[in-house]
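Written out below as structure tokens is the structure these notes cover.
None of these values were measured; they are calculated from a predicted model.
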Amino acid sequence: MQTNKDFQQHQGLLNGIGQVYFTPTIITSVLFLIAISVESLPLSALTLFGAASSYVFAYYSRKPIDNINNGMYALNGALVALFIGNIFGITPVLVIVTFLGALFTVPIATVVFGFKKYLGYTSAFVITSWLIYVAQWSLDLTVFSPSVDEQAPHIHTATNLEIHLPPFIVTMLKGVSQVSFVNNTWTGLIILVAIMLNNIRNAIWVVLAVAISTLFSEVIGADGELIAQGLYGYNAVLATLALILYPRVSWGWAILGGVLSCLVTLIFHTLNLLPLTAPFILSTWVMVYLSSKQHT
């Protein structure tokens with residue numbers, strides 16, 4: 001009984017994995033880790049390590065317990081790990097960078113979680129990752145450019161799934177997987193199934209968001225290769241999920257939020273800036289503002 005109580009007490013760690021897709025449950029979190037493992041087992045381990053780092057630091061520095069239990073602190077650490085593992089690779093030194101980055105998200109998250117109307121979401125991750133990226137770019141640190149021999153083996157599960165699916169479906173599934181910065185059709189499919197098992201309504205919204213954003217991105221002239229990789233779909237997925245869960249925001253604003261995220265992403269790419277999840281946050285804030293004006 002004590003073991004079960006201890007497990008429930010630290011459930012916020014796994015909830016952080018599920019929070020990547022607004023589904024903080026044990027089952028979906030485990031499925032998400034499996035989905036990431038399809039792309040890379042070391043990446044999945046690094047994700048769990050990043051989530052644990054920020055979770056433990058928040059827990060023992062006595063941050064707001066509700067945000068800890070909901071996985072909001074672990075979320076940012078997990079995203080930092082996914083960012084570093086996908087963009088730079090996985091080496092012992094980069095594991096340390098992940099650890100420090102995950103810790104750095106905690107005080108930032110504490111500040112942004114205090115926002116009541118315009119929720120902070122993944123702002124702590126975005127700020128931390130931008131700082132890491134700027135440090136690498138400005139100082140040209142070799143630690144961020146490891147050789148193939150230095151990196152942990154990238155155990156990629158090869159699949160011929162894509163050849164059996166229409167290109168548009170492949171793009172949609174990659175739009176789902178790119179929320180974790182993973183470009184893998186199987187990963188996207190497993191994640192979509194996990195969301196559907198948790199809440200079929202949310203899964204339908206995910207499909208609609210990635211379909212609409214893919215079509216809209218083609219209309220506004222976004223780079224076809226980036227669209228095919230799902231890089232215009234993942235922020236739309238996040239913005240749509242955030243808005244359908246936000247009080248007093250109608251489904252129309254949710255759709256517009258996903259569309260707006262495509263425009264913001266295009267601006268980032270045009271300026272050669274790293275968007276990460278910033279388009280999702282900015283688009284959500286705009287829709288919340290416009291929705292509140294509608295009710296006044």
- request: Over 60° means perpendicular and under 30° means parallel, so classify the ring planes of F32 and Y21, tilted if in between.
  value: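 Answer is tilted, since the angle falls between 30° and 60°.
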
message: For F125 and F280, I'd like to know if the aromatic rings sit close, meaning centre-to-centre distance below 6.0 Å.
response: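 No, the ring of F125 stays outside the 6.0 Å limit from the ring of F280, centre to centre.
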
message: Using ring centroids (six-membered ring only for Trp), state whether Y73 and Y59 fall under 6.0 Å.
response: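 No, too far apart.
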
If you draw a 6.0 Å radius around [atom1] in [X], do more than 12 non-hydrogen atoms from other residues or ligands fall strictly inside?
X: Y133; atom1: OH; result: no
X: F99; atom1: CZ; result: no
X: L215; atom1: CG; result: yes
X: F216; atom1: CZ; result: yes
X: Y289; atom1: OH; result: no
X: L271; atom1: CG; result: yes

Counting N and O atoms only, with roles assigned by atom type, does the side chain of [X] sit under 3.5 Å from a partner on the main chain of [Y], one being a donor and the other an acceptor?
X: T28; Y: T23; result: yes
X: N76; Y: T105; result: no
X: N235; Y: L276; result: yes
X: N198; Y: A194; result: no
X: S54; Y: A51; result: yes
X: N15; Y: N69; result: yes
X: S177; Y: K174; result: yes
X: Q178; Y: G233; result: no

Verdict with supporting geometry, V95 and I90, side-chain contact (heavy atoms from CB on, under 4.5 Å): CA-CA 7 Å; V95 170; I90 304 174; 4.3 Å; yes

Would you give the length of the straight line joining atom [atom1] of [X] to atom [atom2] of [Y], rounded to the nearest 0.5 angstrom?
X: M172; Y: T185; atom1: CE; atom2: OG1; value: 12.5 Å
X: S213; Y: L231; atom1: OG; atom2: CG; value: 11.0 Å
X: T47; Y: F83; atom1: OG1; atom2: CZ; value: 13.5 Å
X: I132; Y: F104; atom1: CD1; atom2: CZ; value: 9.0 Å
X: W186; Y: I191; atom1: CH2; atom2: CD1; value: 13.5 Å
X: L13; Y: L48; atom1: CG; atom2: CG; value: 5.5 Å

- request: Assess whether side-chain contact (heavy atoms from CB on, under 4.5 Å) is satisfied between F88 and Q136, documenting all intermediate values.
  value: CA-CA 10 Å; F88 302 115; Q136 183 273 335; 4.0 Å; yes

Do [X] and [Y] have side-chain heavy atoms sitting under 4.5 Å apart?
X: L82; Y: L43; result: yes
X: L94; Y: L46; result: no
X: L260; Y: M287; result: yes
X: L266; Y: I220; result: yes
X: S291; Y: R248; result: no
X: V264; Y: P275; result: no
X: P279; Y: F268; result: yes
X: F181; Y: I87; result: no

- prompt: Would T277 and T122 count as having a side-chain donor-acceptor pair, cut-off 3.5 Å?
  reply: yes

task: Check whether the side chains of S283 and S261 place a donor and an acceptor atom closer than 3.5 Å, and report yes or no.
output: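 There is no such pair between these side chains.
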
Where is the tightest heavy-atom contact between [X] and [Y], given as atom of each residue plus distance?
X: S44; Y: L33; answer: OG-O, 3.1 Å
X: I17; Y: A78; answer: CD1-CB, 4.0 Å
X: Q229; Y: N183; answer: O-OD1, 3.7 Å
X: S217; Y: Y232; answer: OG-CB, 3.2 Å
X: T98; Y: V80; answer: O-CG1, 4.2 Å
X: A209; Y: A236; answer: CB-O, 3.8 Å

Examine [X] and [Y] and state if one hydrophobic cluster contains both, with Ile, Leu, Val, Met, Phe, Trp and Tyr joined whenever side-chain heavy atoms are less than 4.5 Å apart.
X: I34; Y: I26; answer: yes
X: I204; Y: V237; answer: yes
X: V111; Y: I65; answer: no
X: V30; Y: F22; answer: yes
X: L100; Y: Y60; answer: yes

query: Between T284 and W253, does a side-chain contact (heavy atoms from CB on, under 4.5 Å) hold up when you go through it step by step?
result: CA-CA 9 Å; T284 301; W253 293 115; over 6 Å; no

message: Let's go through H269 and D223 carefully: what are the C-alpha distance in whole Å and the side-chain angles of both, what is the deciding distance for side-chain contact (heavy atoms from CB on, under 4.5 Å) to 0.1 Å, and is it a yes or a no?
response: CA-CA 9 Å; H269 287 158; D223 183 273; over 6 Å; no

- prompt: Of I195, V176, N202, L192, which is the lone residue that meets side-chain contact (heavy atoms from CB on, under 4.5 Å) with V207?
  reply: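 So the option named by the test is L192.
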
